[in-house]
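FYI, the numbering just counts along the sequence from 1. These figures come from a predicted structure and were not determined experimentally.
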Amino acid sequence: EQGSLLRLSYRELAGRAARAARVLAACGVGRGDVVAFQLPNCWQFAAVHLACVRLGAVSNPLMPIFRHRELSFMLRHGEARVLIAPARFRGFDHGALARQLGQELRLARVLLADGEGEGSFEAALGATEGEACASGARLQPNDVMQLLYTSGTTGEPKGALHTSNTILSAVREYARRMGIGESDVIFMPSPLGHQLGFCYGLQMALMLGIPLVLTDVWNPERVLELMREHGATFTFGATPFRADLAALPGVESRRPPRLRMFASSGAPIPPPVVEAARSRLGVKVATCWGMTECASVTITPPDEYKVLESDGCALPNGEVRVLAADGSEAPRGTVGALQVRGSSLFVGYLKRPELSRLHEGGWFDTG
C-alpha cells in the first residue's frame, strides 16, 4: 500500500474474498455478471477477483491510468454492474470520477477502496461479518473468467475474454519454463490490471501458493528495500524497471540476496541494460513476447545469449508461425505476419466476434 505495508496470509485473504463475495451478491452480482475494478496493486484487487470467482462472475480489471473517456466506453460496453475504484491514487480523485460514472451509467453500486462513509469498500466488507458465506455458482474451467480491454491504440478498445483454462495454461507453462516453484517469492511492480501483472503476479502466486509482494508506485530505492526484506526471487517488469534498479548507487553491495531472475517484455532490451542487470544486480535475464489476447507466447530460456536478439521460442502450450503476403510460410530471415495458436489463446472479443482474426486451424492473426 502507498506509504505503508500490509501483510496478509492466504487464510486472511480468503476471508476478505468471502466477505467481498457477500457484498457483490447483495448488489445483485451473479453468474456471468461483470464486476469492474480500477485498482492499483493492492489486497483489494486480489479479494475482488477471488470474490468474482466464488460467484461465477467475470473479473474486469481496469488500469488506474484510464479516465472518463476510456472508462465510460469500457463500463458501458462490458455492462458492468459494479465499479470498485480507489478513493484517491497518485494525486487523482478516482472517487469523484467513479461516482460520476455510477450516475451516468446507472451502475448498481460504486465502492471506493480506502474510502469513507457509505461507499467505502472496507466498511462494506466489515458489515458482512458473521453473515453466511455467499454461495454462488462457482466458475467452471471453460467459463469466461476475465474481461480485459486492449489499449485501443489502433481504434476502439476490444474486450478480450479469457477462461480459467486459457489463463492458467499460460501461467503453468511459464512457471515451468522459468523454474518457478514452491520456494520462490514473486515481486510484482507491474500493474495487476495489465495481463502481465494479472497472470505472472496474482495468478501465478495463487496457483503455486507462494508469497506475492506488491508495490503500487514505482520507487527504485523502496523496491530494492522490499525485495531484500521479503526475499524476492523473481520479478517481471518492463525494461525501465530493470534499468532503474541496476543504476542505483552502490547496488552491488545492496542487491537482494535471493533475487535470481528478472523477466521483461513489451520492448527490446538494450544490451547495456542486460549487462548491468547481470553484473550489478547479479540476476539472470529473460525476455518474452505476448499480448492481452494470449498472455506470454514465446520466451527465452533464462540468461541465454539470445535474450539480446530474440524473444525466444514458443512455450509448450502454443505455436507460432510467420506468413508471407501470399499466405505461405515466410522464409527465415524475412519479415511476415505473426500468427499464434494454443491453449492460452483468448476465446473471443466481447460483442465483436468478427474482430477475432481467427484463421483455419485455430491460428490467431496478431496484427
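- For the side chain to side chain contact (heavy atoms under 4.5 Å, CB included) test, residues two or more places apart in sequence or in another chain that qualify with A324 are D326, S328, A330.
- D143 and R31 are joined by a salt bridge, as a carboxylate oxygen and a charged side-chain nitrogen come within less than 4.0 angstrom of each other.
- Side-chain contact between C313 and R177 is present, with heavy atoms from C-beta onward closer than 4.5 Å.
- Taking every heavy atom of both residues into account, M207 and A175 meet most closely at CE-CB, 4.4 Å.
- Checked by atom type and distance alone, the side chain of S356 never pairs as donor or acceptor with a backbone atom of L358 at under 3.5 Å.
- Taking hydrophobic clusters as Ile, Leu, Val, Met, Phe, Trp and Tyr residues chained together by side-chain heavy-atom distances below 4.5 Å, V171 shares a cluster with I180.
- Side chain of D33 to main chain of A57: no donor-acceptor pair is present (N/O by atom type, distance under 3.5 Å, no hydrogens or angles).
- Checked against a 6.0 Å centroid threshold, the rings of F187 and F262 do not count as neighbours.
- With hydrogens and angles left out, the side-chain atoms of Q195 and Q146 include a donor and acceptor closer than 3.5 Å.
- Contacts classified as ring pair (Phe, Tyr, Trp, His ring centres under 6.0 Å) and involving residues 344-367 (residues at least two apart or in different chains) are given here: F346-Y349, F346-F364.
- One N or O on the side chain of Q38 and one on the backbone of F66 form a donor-acceptor pair closer than 3.5 Å.
- V340 and C294 get closest at one heavy-atom pair: CG2-SG, 4.2 Å.
- Nearest approach of H194 to M63, heavy atoms of both residues: N-SD, 3.7 Å.
- The heavy-atom pair separating M178 from A263 by the smallest distance is CE-CB, 4.0 Å.
- Under the 4.5 Å side-chain heavy-atom criterion for ILVMFWY residues, no single connected hydrophobic cluster contains both F37 and L83.
- Within 6.0 Å of CD in Q100 there are more than 12 heavy atoms belonging to other residues, nucleotides or ligands.
- Remark: the backbone N or O of T287 is paired with a side-chain donor or acceptor of T300 at under 3.5 angstrom.
- A side-chain donor-acceptor contact under 3.5 Å links Y200 to the backbone of S296.
- Residues L111 and V58 fall into different hydrophobic clusters, defined by Ile, Leu, Val, Met, Phe, Trp and Tyr side chains chained together at heavy-atom separations under 4.5 Å.
- Side-chain N or O atoms of R69 include none that pairs as donor or acceptor with a backbone N or O of S72 at under 3.5 Å.
- Between E118 and R109 there is no salt bridge, since no side-chain nitrogen of the basic residue lies less than 4.0 Å from a carboxylate oxygen of the acidic one.
- Scanning all heavy atoms of the two residues, the minimum distance from N60 to L147 falls at ND2-O, 2.8 Å.
- Other residues, nucleotides and ligands contribute over 12 non-hydrogen atoms within 6.0 Å of the NE2 atom of H77.
- Under the side chain to side chain contact (heavy atoms under 4.5 Å, CB included) criterion, A46 pairs with L13, L202, sequence neighbours left out.
- What you find for E293 and A160 is that their closest heavy atoms are CG-CB, 4.4 Å.
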